[in-house]
Amino acid sequence: ISTETTLAGIHFDNCLMNAAGVYCYDADELNQIQKSAAGTFVTKSATVVPRAGNPEPRYLSTPWGSINSMGLPNKGLPYYLDYVSQQQTLFPEKRYFQSITGFNIDEDEALLKQITDSDFNGLVELNLSCPNVPGKPQTGYDFETVEQILTRVFEVYEGPLGVKLPPYFDIVHFDQMAAILNQFPLAFINSVNSIGNGLTIDAATERVSIKPKHGFGGIGGDYIKPTALANVHTFYQRLKPEIQIIGTGGVKSGQDVFEHLLCGASMVQVGTALHKEGPQIFDRLTAELQTIMQQKGYNKIADFKGKLKYLD
Ligand SMILES: CC(C)(C)CCc1c(C(=O)O)[nH]c(=O)[nH]c1=O
C-alpha cells in the first residue's frame with residue numbers, strides 16, 4: 001500500500017506535507033518536518049526583506065479549527081534558500097517547495113530572479129493571497145492582476161512553479177480563474193488558502209480573539225473542508241491535466257486525505273491540524289490513509305485519484 005505521489009514529474013515518497021505558514025518559519029521547524037513522515041516541506045511565504053509580522057495574539061486554535069492574521073512573518077528569501085540548499089546537499093534525491101509572495105509584480109520578479117540565481121532545485125509556490133494595491137481585493141480575487149502576474153512570472157522563471165489560491169465560492173469565478181490558469185505552463189495549483197476575514201470572539205470577555213485587523217483573520221480547519229474539497233474538485237474538472245492539484249484545507253484524518261485525493265488532489269497539505277498536533281501527525285495520517293486504501297482494495301493513489309462519483 002503506497003502513499004507515494006508524483007507532482008511535476010517529481011516523485012515524493014509520501015503525498016503529505018505541511019501547508020505554508022505552519023511549522024516552516026525557521027530551520028528548527030523545517031528540520032522537524034524534514035525528519036517527520038511528510039514527503040517534503042514548503043517554507044513560510046518568503047518576502048524580499050524579513051518581516052516581523054503582526055502584533056500578537058495573531059493565531060488562535062479553536063475546537064473546529066483556527067483563525068490567524070500572522071502578517072507574513074518570515075526570515076526573508078535568502079534565509080530559506082540557504083536552508084534548502086543545505087537540505088539539497090544532505091538529501092540529494094529530495095525536492096522541496098519554496099513559497100514566495102511579493103507585494104507587487106516587480107517584487108514577484110525579484111524573488112524569482114533570486115531563486116533562479118541560486119542552486120534551488122525544487123518547486124516554487126507563489127502565494128496569490130497576498131495583498132494588492134489598496135482599494136482592490138486580494139490578488140487571488142483580482143483576475144486581471146492574476147493574469148498580469150502569471151504572464152510576467154513565466155517570462156522570467158523556468159523551473160516548476162505553482163500558485164497558492166484563496167477559496168472561490170461562485171461557479172463563474174471558478175470558470176474565470178480556470179480560463180486564466182489554463183493559459184500558463186503551471187506545474188500545479190494549491191487550493192485552498194484560509195477563508196479570509198473570518199471573526200471569532202470570546203463571549204465571556206466580549207472581545208475578539210486576535211489583535212490584528214480588529215480580530216479578523218484567515219479561517220482554517222474543520223470549518224473549511226467542504227469549501228476546500230469543492231475548490232480541489234472544481235479545478236480538477238476544469239484545468240488541463242498538465243496542471244496538477246495540491247489539496248489543502250480541513251485535513252486532520254486519513255479520511256480527509258482520502259477525500260482530497262478522491263476529489264483530484266495529487267498532494268495534500270496539512271496546516272491547522274499540524275499546528276495542533278505537531279509533525280508526528282504525518283505518521284498517523286499516513287497509517288490511517290493506508291488502512292482506508294487497504295479496506296477498499298487500493299494499492300496506490302492512482303487507483304482512486306479524482307474518481308469521485310456523482311449521483312446524477
Ligand atoms: C494573508 C497574507 C499576510 C496577505 C499572506 C500570508 C498568509 C497568512 C499570514 O501570514 O497572515 N495567513 C494565511 O492564513 N494565509 C496567508 O497566505
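In each ligand, atom 1 is the first atom listed, and ligand 1 is the first ligand listed.
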Exercise for the section: Using atom types as modelled and distance alone, determine if a side-chain donor or acceptor of Q290 lies under 3.5 Å from a backbone N or O of I1. Expected result: yes
Exercise for the section: Mark yes or no for whether D117, through its side chain, and Q114, through its backbone, hold a donor-acceptor pair below 3.5 Å. Expected result: no
Check each N or O atom of ligand 1 against all protein N or O atoms and list the pairs under 3.5 Å, with atom names and distances to 0.1 Å, one per line.
| unit_1 | atom_1 | unit_2 | atom_2 | d |
| --- | --- | --- | --- | --- |
| ligand 1 | 10 (O) | K44 | NZ | 2.9 |
| ligand 1 | 10 (O) | L72 | N | 2.8 |
| ligand 1 | 11 (O) | N68 | OD1 | 3.4 |
| ligand 1 | 11 (O) | M70 | N | 3.0 |
| ligand 1 | 11 (O) | G71 | N | 2.9 |
| ligand 1 | 12 (N) | N68 | OD1 | 2.9 |
| ligand 1 | 14 (O) | N68 | ND2 | 2.8 |
| ligand 1 | 14 (O) | S194 | OG | 2.8 |
| ligand 1 | 15 (N) | N193 | OD1 | 2.9 |
| ligand 1 | 17 (O) | N127 | ND2 | 2.9 |
| ligand 1 | 17 (O) | N193 | ND2 | 2.9 |

Fill in the blank from the handout: side chain to side chain donor-acceptor pair (under 3.5 Å) filter on Q148, not counting sequence neighbours, yields none
Practice task
Could you note down all residue pairs passing ring-ring contact (aromatic ring centres under 6.0 Å, His included) where residues 188-213 supplies at least one of them, sequence neighbours left out?
Solution key: F97-F188
Handout entry: Heavy-atom neighbours of E206 CD exceed 12 at 6.0 Å
Key = no
Exercise for the section: Output the rest of the hydrophobic cluster of L72: all Ile, Leu, Val, Met, Phe, Trp and Tyr residues reachable through side-chain heavy-atom contacts under 4.5 Å, sorted by chain and number. Expected result: F103
